[in-house]
Amino acid sequence: MAAIKKLSIKQLKLKGKKVFLRLDLNVPLSENGAITDQTRILAALPTIKYIIDQGGHLIISSHLGRPAGKVQPNLSLKPVAHALSSHLGKEVPLAPHYSLGEKVLQMVNSLQKGDVLLLENLRFYKGETQNDPEFAQALAAFGDVYVNDAFGVSHRAHASVCGITQFIKPCAAGFLMGKEIEHLSRLISKPARPFIALLGGAKVSDKLGIIENLMEKFDALLIGGGMAYTFLMAKGFEVGRSIVEKDKLDTTSSIIKSTDIRGIKLELTEDHVIARELKDAAQTTVVNTSDIPEDWLALDIGPRTIELFIKEIMNAKTILWNGPMGVFEIEAFRAGTEAVGRAVAESGAVSVVCGGDTAAAVNSLGLAHKMTHISTGGGAALEFLEGEELPGIAALDDA
Ligand code: ADP
Ligand code: MG
């Protein structure tokens, strides 16, 4: 697959233009409505600041949660407007939700160079997720140019991501979107070899598509975390009460066969940190694959597997990491993810981290700054690596 090249915000003249910017400001909120993690806001700041510095009139839009086409006051973007105001050192007003007609158009038209307006939660309107052309056209009326920096929703054909691009030109990628496309498409098109995949986590089905699509590119597959147990069961091992996706055993078996035929190294967890219960104070012990007792759970990779994986990691030139090696949220099962994470950080390889939980693990270990790229789009990144064309990227103008 050739690398994807899309028009960049850098190529646009923004001075005096109304810039309609789609962001992913879908931040987690506490029960009293406080933002508990600002990552998505911080990730959007370079594009926001650039548009302000260029003298654009900035109209920002985003979704928040799943209000399902109805106004839900607890899913208002008000806290986001406050956070943006404080990050930018200027007032960012929030447009009223009750209509996207005259009132909002007036607010848009009274913007001056460098001013910012935030539209209310796009998913208060049914037309957003339905990709309704009328709604898309109403959104398009607010801008002279369109910039999409919401990589995390680019796998959704929604009005503010797709439909709108029919009614406004040019349509460009923001800096975050550009970075995501660059790093992820390099994995697909020309990864430096050896290229290894380090896979784990709990959702096996999410990850099998990536293996199938990139199989021929990988030199080695290292599989730990919960994912290993579907593979081990497919190979005929008893895995106790460890997590298994039984409906994926066939796919897993055929992946095992393909790696064999193609001579791709497949390394599965060899020793396991097991416990009777998934809790911090649980008594743990380490066993080999053939010795997992019936009523025990395997919850982390053991020391021999850590060593084996580190050897492969240190030898790699490109690493795709998706899925923690164990239940890292609990101290007793964190060692595998921590050791392997440190090795990826120190390897000197191009390192691309995908998946919400893997990103959280890397952040909590303080290793984020050592990774080449940490994708902000969970589902979107997975679909991209599965070889799907993402509608929100396809809709942007080619470079
Ligand atoms: P990501 O969000 O990075 O794609 P997943 O959602 O697939 O990753 O999986 C993350 C979860 O997997 C973590 O919450 C972690 O506790 C869990 N996990 C990792 N190893 C195991 C295991 N051996 N058994 C059960 N759960 C596991
Ligand atoms: Mg997850």
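When a ligand or atom number is given, it counts from 1 through the structure's own listing order.
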Provide, line by line, the atom pairs where ligand 1 and the protein bring an N/O atom each to a distance under 3.5 Å; else say none.
| from | atom 1 | to | atom 2 | distance (Å) |
| --- | --- | --- | --- | --- |
| ligand 1 | 2 (O) | G356 | N | 3.4 |
| ligand 1 | 2 (O) | D357 | N | 2.9 |
| ligand 1 | 2 (O) | D357 | OD2 | 2.9 |
| ligand 1 | 3 (O) | D357 | N | 3.4 |
| ligand 1 | 3 (O) | T358 | N | 2.8 |
| ligand 1 | 3 (O) | T358 | OG1 | 2.4 |
| ligand 1 | 4 (O) | K207 | NZ | 3.3 |
| ligand 1 | 4 (O) | N322 | ND2 | 3.1 |
| ligand 1 | 6 (O) | D357 | OD2 | 3.0 |
| ligand 1 | 7 (O) | A202 | N | 3.2 |
| ligand 1 | 7 (O) | K203 | N | 3.0 |
| ligand 1 | 7 (O) | K207 | NZ | 2.4 |
| ligand 1 | 8 (O) | K207 | NZ | 3.4 |
| ligand 1 | 9 (O) | A202 | N | 2.9 |
| ligand 1 | 12 (O) | A202 | N | 3.2 |
| ligand 1 | 14 (O) | E329 | OE2 | 2.4 |
| ligand 1 | 16 (O) | E329 | OE1 | 2.7 |
| ligand 1 | 16 (O) | E329 | OE2 | 3.4 |
| ligand 1 | 20 (N) | G226 | N | 3.2 |
| ligand 1 | 23 (N) | G226 | N | 3.4 |
| ligand 1 | 23 (N) | A298 | O | 3.1 |

Pairing residues for Y229 by the ring pair (Phe, Tyr, Trp, His ring centres under 6.0 Å) criterion, not counting sequence neighbours: H272
Close side-chain approach of F333 to F328, heavy-atom, < 4.5 Å: no
Residues R276, D295; criterion salt bridge (charged side-chain N to carboxylate O under 4.0 Å, His left out); working and verdict: CA-CA 7 Å; R276 276 212 174 85; D295 55 341; 3.8 Å; yes
Value rounded to 0.5 Å, distance of CD in E267 from OG1 in T259: 10.5 Å
Same apolar cluster: L199 and V204, side chain cutoff 4.5 Å: yes
Donor-acceptor contact present, side-chain S242 to main-chain L297, <3.5 Å: no
Donor-acceptor contact present, side-chain D115 to main-chain Q112, <3.5 Å: yes
Donor on one side chain, acceptor on other, H158 and R22, under 3.5 Å: no
Polar protein atoms near the Mg ion (ligand 2) [N, O or S; cut-off under 2.8 Å]: D357 OD2
Name each donor-acceptor pair under 3.5 Å that joins a side chain in residues 31-38 to protein atoms two or more places apart or in another chain, with its distance.
| from | atom 1 | to | atom 2 | distance (Å) |
| --- | --- | --- | --- | --- |
| N32 | OD1 | S30 | OG | 2.5 |
| T36 | OG1 | P28 | O | 3.3 |
| D37 | OD1 | T39 | N | 2.9 |
| D37 | OD1 | T39 | OG1 | 2.5 |
| D37 | OD2 | T39 | OG1 | 3.3 |
| Q38 | OE1 | H87 | NE2 | 2.9 |

